[in-house]
J.: 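This is the structure, below, for whatever I ask next.
By convention here, the first residue in the shown sequence is residue 1. Reckoned from all heavy atoms, side chains included, excluding hydrogens, waters and symmetry mates.
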Amino acid sequence: MNLRPAALFVLCLLAVGGCSSAPAHRDASSLPVPLDGATVVPERQAGTLYEAEERAVGACMHRRGFAYEPVRAGRYVPVNPYGLLTEDAARTDGYGLASVALAGRPDDPNATAVARLDETRRTAWQKALTGSGERQITLTAKGAPSLRVNTDGCVYLARREVYGGGWEQAEVDATGVSTEVVSRVAAAPEFLAAQRTWAACMAEQGETVTTLQEARGLVQDALSKAGDDREALLRTGRREQELAVRDALCQDRGDLAGVTRTAQERVQARLPKTSWAKATQVRELREQALRRTGA
């Protein structure tokens, strides 16, 4: 996960208590994710790797004759690829969307200094950082969007220094396999049946949604409309947590986590060895990067 910036409300919702029939208070790490979590980076590791990247970017920029101060990481928000959610997480921070919007992006300590440069020097600084656009590669993989990368900028060179060569392609490959698994699980009859149970439970609570992703989308739409209006963001945050708690409790009613895990095991059992090799590669490259940072 790349945390580079481009990236609380407590309610007692007694009204939805009757929607839960399975044990609550599960840890988010217990939720199923594809490929044994190969594409999921824990918060501490993500922060460590991001800081290593920023240090490498700074060193690269200094070698090119430019000043650069590391940019603080944005807020870490874990997202389950299936849209699964625990009650504890929902009660703490909803889907984590409004709190990110309220926090805003971290300040860029380079902004003032770069703004003072003349146009020629400012353009040169930006090209040194992100690339000239003259040297690019396009990375593709089945199931993943194409990724065009400038290979002569410090951002790219720093990632190569931290992760080693081939990281971007490995990441795209693993993402493609993960997306394929999620798509097949989401189309499985048992998952669809559990999702219908969830939707019926949500309807009982006055929520008109048919898919897990649709529930989160309601909050994203509201945040887009709120813009920078802090009061509107706060209102959306309160609504987000109400919706998220209902979502989590209704997921328990249909045992969506258990159903997803079973369907995922069946789907992954049919994956070719090459798919597992891609998952292993991205995990090993990340572990090597962490060792290089001393973590």
Side-chain angles (χ1 to χ4, degrees), residues 1-2 7 26 28-42 46 77-86 89-90 95-97 138-149 166-202 207-221 243-244 247-248 250-286:
M1 174 178 288
N2 184 6
R26 291 175 304 178
S29 63
S30 68
L31 297 175
V33 292
L35 307 176
D36 299 331
T39 60
V40 178
V41 188
V77 181
V79 179
N80 182 276
Y82 298 107
L84 299 174
L85 186 68
T86 66
Y95 299 112
L97 300 173
T138 300
L139 306 176
T140 61
K142 180 182 178 182
S146 297
L147 177 64
R148 182 175 296 176
V149 180
W167 166 254
E168 278 82 5
Q169 183 64 61
E171 193 173 34
V172 170
D173 287 342
T175 298
V177 177
S178 178
T179 300
E180 182 181 2
V181 170
V182 171
S183 296
R184 292 182 181 180
V185 169
E190 62 268 42
F191 179 90
L192 294 173
Q195 187 169 244
R196 286 192 294 271
T197 298
W198 166 86
C201 174
M202 292 290 279
E207 308 291 356
T208 306
V209 287
T210 58
T211 69
L212 300 182
Q213 301 302 335
E214 187 179 350
R216 181 184 295 268
L218 293 176
V219 178
Q220 292 171 327
D221 290 344
L243 177 62
D247 184 350
C250 287
Q251 287 187 29
D252 277 346
R253 173 180 282 190
D255 190 23
L256 263 165
V259 170
T260 300
R261 181 176 290 104
T262 299
Q264 179 180 269
E265 289 172 354
R266 186 180 68 253
V267 168
Q268 292 187 159
R270 299 172 181 173
L271 289 176
K273 290 182 179 180
T274 53
S275 293
W276 284 108
K278 293 173 182 177
T280 298
Q281 182 184 21
V282 78
R283 183 185 291 107
E284 289 179 346
L285 287 173
R286 187 183 302 113

J.: Taking atom CZ of R283 and atom CG of D36, what is their separation to the nearest 0.5 Å?
T.: 6.0 Å
J.: Below 4.5 Å, heavy atoms only, C-beta onward: do L192 and R196 meet side chain to side chain?
T.: yes
J.: Answer whether the closest heavy-atom distance between the side chains of L212 and L256 falls below 4.5 Å.
T.: yes
J.: Taking the side chain as every heavy atom from C-beta outward, state whether W198 and V209 have any pair of such atoms under 4.5 Å apart.
T.: yes
J.: May I have the step-by-step check of side-chain contact (heavy atoms from CB on, under 4.5 Å) for L31 and T86, ending in yes or no?
T.: CA-CA 8 Å; L31 297 175; T86 66; 3.8 Å; yes
J.: V282 and A38: which non-hydrogen atoms are nearest, and at how many Å?
T.: CG1-O, 3.7 Å
J.: Mind listing the closest non-hydrogen atom pair of V33 and P81 along with its distance?
T.: CG1-CD, 4.0 Å
J.: Looking at every non-hydrogen atom in both residues, tell me the closest pair between T208 and E214 and how far apart they are.
T.: O-OE2, 3.9 Å
J.: For a quick test of reading the model, state the closest non-hydrogen atom pair linking A263 to E190 and the distance between them.
T.: CB-OE2, 3.7 Å
J.: Within the distance-only criterion (no hydrogens, no angle test), does the side chain of E168 pair as donor or acceptor with the backbone N or O of L147 below 3.5 angstrom?
T.: no
J.: How long is the span from the CG atom in D247 to the CG atom in L218, to the nearest 0.5 Å?
T.: 10.0 Å
J.: Search all heavy atoms of A90 against all heavy atoms of L85 and return the closest pair with its distance.
T.: CB-CD2, 3.8 Å
J.: For Q169 and T140, which heavy atoms make the closest approach, and how far apart are they?
T.: NE2-O, 3.1 Å
J.: Has the side chain of R266 got a donor or acceptor atom that lies under 3.5 Å from a matching backbone atom of R261?
T.: no
J.: Checking the side chain of Q268 only, and the main-chain atoms of L35 only, is there a donor and an acceptor separated by less than 3.5 Å?
T.: yes
J.: Could you state the interatomic distance from CD (E265) to CZ (R270), rounded to the nearest 0.5 Å?
T.: 12.5 Å
J.: Would you be so kind as to tabulate the donor-acceptor pairs closer than 3.5 Å made by side chains of residues 175-184, with sequence neighbours excluded?
T.:
residue : atom : partner : partner atom : Å
T175    : OG1  : E171    : O            : 2.8
T179    : OG1  : T175    : O            : 2.8
E180    : OE2  : R184    : NH2          : 2.5
S183    : OG   : T179    : O            : 3.0

J.: Say you draw a straight line from CD of Q281 to CD of E284; how long is it, rounded to the nearest 0.5 Å?
T.: 8.0 Å
J.: List the residues meeting side chain to side chain donor-acceptor pair (under 3.5 Å) with Q264, not counting sequence neighbours, and say none if there are none.
T.: Y82
J.: Return the CD to OG1 distance between Q251 and T197, rounded to the nearest 0.5 Å.
T.: 12.0 Å
J.: Mind checking the NZ-NZ spacing from K142 to K278? Nearest 0.5 Å is all I need.
T.: 9.0 Å
J.: Under 3.5 Å, side chain of N80 to main-chain N/O of P32, donor-acceptor pair present?
T.: yes
J.: Between Y95 and Q220, is a side-chain contact (heavy atoms from CB on, under 4.5 Å) present by the stated rule, with each step listed?
T.: CA-CA 10 Å; Y95 299 112; Q220 292 171 327; over 6 Å; no
